[in-house]
Amino acid sequence: MLDPVLLRGQLADTAQRLRDTRGFEVDVAALEALEAERKTIQIRTQELQNLRNTRSKAIGVAKAKGKDVSALMVEVSGFGDELKASEARLAEIQQAFADIALRVPNIPHASVPKGADEKANVEVRRFGEPPRFDFKPKDHAELGARKGWLDAESASKLSGARFTVLRGELARLHRALAQFMLDLHTGEHGYLEVNVPLLVQPSAMQGTGQLPKFEEDLFSTDTGGIKRYLIPTAEVSLTNLVADTIVEADALPLRMTAHSMCFRAEAGSYGRDVKGMIRQHQFEKVELVSIAAPEQSYEEHERMTRCAEVVLEKLGLPYRRMLLCTGDMGFGATKTYDLEVWLPAQDTYREISSCSNCEAFQARRMQARWRNAATGKPEPLHTLNGSGVAVGRALIAVMENYQQADGSIRVPEVLRPYMGGAELIA
RNA sequence: GGAGAGGUGGCAGAGUGGUCGAAUGCGCCGGAUUCGAAAUCCGGUUUACGGGUCUCCCGUAACGUGGGUUCGAAUCCCACCCUCUCCGCCA
């Protein structure tokens, strides 16, 4: 959520900025009308509440002294209806304001290039060279099918489209990747390992911004009459850990990592990446989340992105870092770097990580604050999240980049300790 | 799933209809005392929102959550959620 000040006093300017950067249209007329009424209604409501409180106290005092209170009672009943109506109207207005405000995206940082879609993203850096093969490289689906390692048919029988069954050495390699990433981030990058719930309440989804706007992207359950959502990323669980809390300044930045399942409905992506395990309803990811003081969040963003890059570098996977343009960023982000890994079979780079600074956007939604020593007051934190990295896609990248002519796959050196020392899976 | 107990400020813990945003203790901050410290004493110490004459003042709201009763609710009623203990079941 944007700072309410931007949606009240500086509405015209804010609307212009959202239009320029994201092509998003705020309902200016509706917000203006609500704000105009809100002010008078709120003042009147509080006036009446004050009146009621003072009169009620007076009744209490009079009764204690054994005096007659009937005159006071009549006076109070005179404005009871108006108070009730006024309170109800105020609640309506505040709800209506929130309904709009919760659907307004974040405003991009000044360093973000303007653009409508991914074509305007800017390559920032590049690591490694795409491998050369003296044979035609196979895609991961084909490599996986050879030994029954990767079984889309069985998965489809069990669960339908966009699921995968992994078996044997490939399943182990997948597990090795997750372990390696987790060990790297906890051991060398200073992140605290956290194991999180995969099912969360609607309030958590609203906190990180999936709700109310993107419900169709989520899986949910209402078992026992309780609505819960499956997390699309551990960012939801990790970030919401600081919801409704005030973090002391010396605890910042708070760096947390989690290996988790992620669930995405992938609504609207029919026909895209249908082959193999690039786009699944269920996948694993090692997530990084940083909770930072405002003045350190952009530095933290660079650091976090580096932590994700190190994963790919240690795995020996070629990648490039893209700075997303204003039109291609997620709902809550002010600045995002995507890491794209080289996939030989597709002859292109594909997203494997996305690192975003959300500034106070999520923190405001979830009441996550820190105590600013300079002001002595609780102020919204900055939250950041990044994939460090997507495990399924990392598996694909390793398979395709490390494949041999016979369809066997070399094991990247850093993964061998997790593979019983194996140099090759065949 | 069955039986019981309970949810109050950073923590512990009083408070069963009226000046209670809430005693007391601990913690924390400031001050006094001290050569310094401990101890002791004094004062202060929640958050959100709104208004203003906007480094301060005023108001409103918040005692698990949501409703209800009442002139007035931490306190009474209803529903729900959560925690703990015992039993059952269970990875």
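Chain A is the first sequence line, chain B the second, and so forth, proteins listed ahead of strands; every chain is numbered from 1. Since the structure is predicted, the reported quantities are computational estimates derived from the model, not experimental observations.
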Whole-Å distance separating the CG atom of A:D250 from the C1' atom of B:C28: 14 Å
Among all residues two or more places apart in sequence or in another chain, which pass the ring pair (Phe, Tyr, Trp, His ring centres under 6.0 Å) test with A:H174? none
Separation of A:K57 atom NZ from B:A73 atom C1', in whole Å? 14 Å
Protein within reach of the bases, or only the backbone? For nucleotides 46-60 of chain B, mark each nucleotide 5' to 3' as B, S or -, using heavy atoms under 4.0 Å. -SSSSS-------BS
NZ/NE/NH1/NH2 to OD/OE distance under 4.0 Å, A:E266 and A:R162: no
Atom CG of A:L72 and atom C1' of B:U70 are separated, to the nearest Å, by 16 Å
Between A:K63 and A:E87, the residue closer to the 5' end of RNA chain B by nearest nucleotide is A:K63
Residue set satisfying side-chain hydrogen bond (donor to acceptor under 3.5 Å, both in side chains) with A:E340, at least two apart, ordered chain then number -> A:R320
Results of ring pair (Phe, Tyr, Trp, His ring centres under 6.0 Å) for A:F214 - residues two or more places apart only: A:F331
All side-chain hydrogen bond (donor to acceptor under 3.5 Å, both in side chains) counterparts of A:S70, not counting sequence neighbours: A:D68
Ignoring hydrogens and angles, write down the donor-acceptor pairs under 3.5 Å from the side chains of residues 82-90 of chain A, residues two or more places apart or on other chains.
| unit_1 | atom_1 | unit_2 | atom_2 | d |
| --- | --- | --- | --- | --- |
| A:E82 | OE1 | A:R44 | NH2 | 2.9 |
| A:E82 | OE2 | A:R44 | NE | 2.8 |
| A:E82 | OE2 | A:R44 | NH2 | 3.2 |
| A:S86 | OG | A:T45 | OG1 | 2.7 |
| A:E87 | OE2 | A:Q49 | NE2 | 2.8 |
| A:R89 | NE | A:E37 | OE2 | 2.7 |
| A:R89 | NH1 | A:E92 | OE1 | 2.6 |
| A:R89 | NH2 | A:E37 | OE1 | 2.7 |
| A:R89 | NH2 | A:E37 | OE2 | 3.4 |

Please list, pair by pair, any protein nitrogen or oxygen found under 3.5 Å from a nitrogen or oxygen in nucleotides 65-67 of chain B.
none

What pattern of brackets, bars and dots sums up RNA chain B from 5' to 3', given Watson-Crick or G-U wobble pairs under 3.5 Å, [ ] for crossing pairs and | for another strand? ((((((((.[[[..)..(.....]]]((((((.......))))))(((((((...))))))).[[[[[..)....]]]]])))))))....
Could you tell me the separation between the CD1 atom of A:I59 and the C1' atom of B:G17, rounded to a whole number of Å? 13 Å
Can you tell me which residue pairs pass the salt bridge (charged side-chain N to carboxylate O under 4.0 Å, His left out) test with a partner in residues 227-245 of chain A, sequence neighbours excluded? none
Cut-off 3.5 Å, no hydrogens considered: what does the side-chain donor-acceptor table look like for residues 414-426 of chain A, sequence neighbours left out?
| unit_1 | atom_1 | unit_2 | atom_2 | d |
| --- | --- | --- | --- | --- |
| A:R416 | NE | A:V411 | O | 2.9 |
| A:R416 | NH2 | A:V411 | O | 3.0 |
| A:Y418 | OH | A:D183 | OD2 | 2.6 |

Whole-Å distance between B:A61 P and A:L90 CG? 12 Å
Where at least one partner belongs to residues 191-218 of chain A, residue pairs that pass salt bridge (charged side-chain N to carboxylate O under 4.0 Å, His left out), sequence neighbours excluded: none
Donor-acceptor pairs are to be reported for all side-chain atoms of residues 197-208 of chain A against protein atoms at under 3.5 Å, with residues two or more places apart or in another chain.
| unit_1 | atom_1 | unit_2 | atom_2 | d |
| --- | --- | --- | --- | --- |
| A:T208 | OG1 | A:A204 | O | 3.1 |
| A:T208 | OG1 | A:Q210 | OE1 | 2.7 |

